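Note sheet for the following structure.
Only a predicted model underlies this, so the values are computations on that prediction, with no experimental measurement involved.
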Amino acid sequence: IDVINELQIKKILINPKNLFGSIQHYFHFMFGYFLPFIANRNPDCIEYFFCDCGPLNRLLLDTPLYNIRILNPTIEDAYEISYSGYDSPDFPDIDIWNIKSKIFDLYEIDVSLKQDYILLVDRDLPDDFYITQAELTGSANIRRSVPNMQEIYKLLSEFKNTKFVFLEKKSLKEQIELFYHASCVVLQHGAAMANLIWCRPETHIVEIFCGNNYYKNLIDMCELSHIQIHQEHEHAEIEPSLVLNADRKSTRLNSSHIPL
């Protein structure tokens, strides 16, 4: 930032330095590209140019920052810079609370608003981009799914206010608000878990998974409680009562990483 100010640079090209995956996919876009930029950006710069992130370009262009642009191949005289990504299971060098504070200020998130609901996150159809053009193909419900999520919603909503959502077309502000105000989040393992960074401490997370504990450190750093429900394969149905009992158990015990 000192060099940028000293040289009076007015155009900056943000080169990705994500650790894994592709910035065209939500988790690596968020933790490998966008959040490192937010943590380090110089507010006085006139224009920031970002590399093409496919359908996620809309999240860049929807930010309250007036000076974000998607890279034009003919751009000249831009100072190039990159910020090391956080997108690995140990989430290296990330200051969770500083980033949350900056994001909440930027998007004007009302942290005084008190709500109490279960957030049930389902997967929508993928954007055609992820089938035909993406660097790494596969996304949304093609990659993973819970076919009977509607049954789970029906049962949960009988006992508690439940919001059933698809995130694929929501703005970043909408996603932040949904996760921040939820008292319990139920979702399948995957990129949507990047949004757990927006949750309040002690929010109860019910993760449907059949793989690894990729987000364990993020959950611990955010001081969330966590219960996992095993899924036989990435498109297997889940018995709805398991999810209801997991919510009740997490609420009662408020402890971490209790497999059912």
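Looking at heavy atoms from C-beta onward, His28 lies out of side-chain contact with Ser22 at the 4.5 angstrom threshold. Residues Asn213 and Pro89 are not in side-chain contact: their nearest non-hydrogen atoms beyond the backbone lie 4.5 Å or more apart. In this structure, Leu65 and Leu106 have side chains that are in contact, with non-hydrogen atoms separated by less than 4.5 Å.
Partners of His181 by ring pair (Phe, Tyr, Trp, His ring centres under 6.0 Å), not counting sequence neighbours: none found. The ring pair (Phe, Tyr, Trp, His ring centres under 6.0 Å) test applied to Phe31 returns Phe27, Phe91, not counting sequence neighbours.
When atom types are taken as modelled, the side chain of Glu174 and the backbone of Ser171 share a donor-acceptor pair closer than 3.5 angstrom. At distances below 3.5 Å, at least one donor-acceptor pair connects side-chain atoms of Ser183 with backbone N or O atoms of Tyr117. Under a 3.5 Å cut-off, the side chain of Gln175 and the backbone N or O of Lys170 do form a donor-acceptor pair. In this structure a side-chain-to-backbone donor-acceptor pair under 3.5 Å is present from Lys173 to Tyr107. Remark: side-chain polar atoms of His230 are not paired, donor with acceptor, to backbone N or O of Cys210 under 3.5 angstrom. Put simply, the side chain of Gln24 never gets that close to the backbone of Cys53: no donor and acceptor are under 3.5 Å apart. Side-chain atoms of Arg200 come within 3.5 Å of backbone atoms of Ala182 as a donor-acceptor pair (strictly under, hydrogens ignored). The backbone N or O of Tyr79 lies less than 3.5 Å from no partner atom in the side chain of Lys11, so there is not a single donor-acceptor pair. The backbone N or O of Gly54 lies less than 3.5 Å from a partner atom in the side chain of Asn57, making a donor-acceptor pair. Between the side chain of Asp105 and the backbone N or O of Glu108 there is no donor-acceptor pair closer than 3.5 Å.
Here the OH atom belonging to Tyr86 is positioned 4.0 Å from the CD1 atom belonging to Ile99, to the nearest 0.5 angstrom. Put simply, CG on Leu187 and CZ on Arg144 are 10.5 Å apart, with the number rounded to the nearest 0.5 Å. For the atom pair CZ of Phe209 and CD1 of Ile229, the computed distance is 10.5 Å after rounding to the nearest 0.5 Å. Rounding to the nearest 0.5 Å gives a distance of 8.5 Å between CG of Leu155 and CG of Asn245.
Applying the 6.0 Å contact sphere to CD of Glu158 captures more than 12 heavy atoms from other residues, nucleotides or ligands. More than 12 heavy atoms of other shown residues, nucleotides or ligands fall within 6.0 angstrom of atom CG in Asp110.
Under the 30°/60° scheme for interplanar angles, the aromatic rings of Tyr26 and Phe29 are found to be tilted.
A salt bridge does not link Lys160 with Asp247: none of the charged nitrogens is closer than 4.0 Å to a carboxylate oxygen.
Taking the centre of each ring, His189 and Tyr215 come in below the 6.0 Å mark.
In summary, of the residues considered (Glu237, His235, Gln231), a side-chain hydrogen bond (donor to acceptor under 3.5 Å, both in side chains) with Ser145 occurs for His235 alone.
For the pair Arg248 and Phe159, the cation sits on the ring face: its NZ or CZ lies under 6.0 Å from the ring centre, inside 45° of the axis.
Closest of all the heavy-atom pairs between Phe166 and Asp124 is CD2-N, 3.5 Å.
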>> Applying side-chain hydrogen bond (donor to acceptor under 3.5 Å, both in side chains) to Asp122 and Tyr153, what does each step give before you reach the verdict?
In response: CA-CA 10 Å; Asp122 201 359; Tyr153 169 65; over 6 Å; no
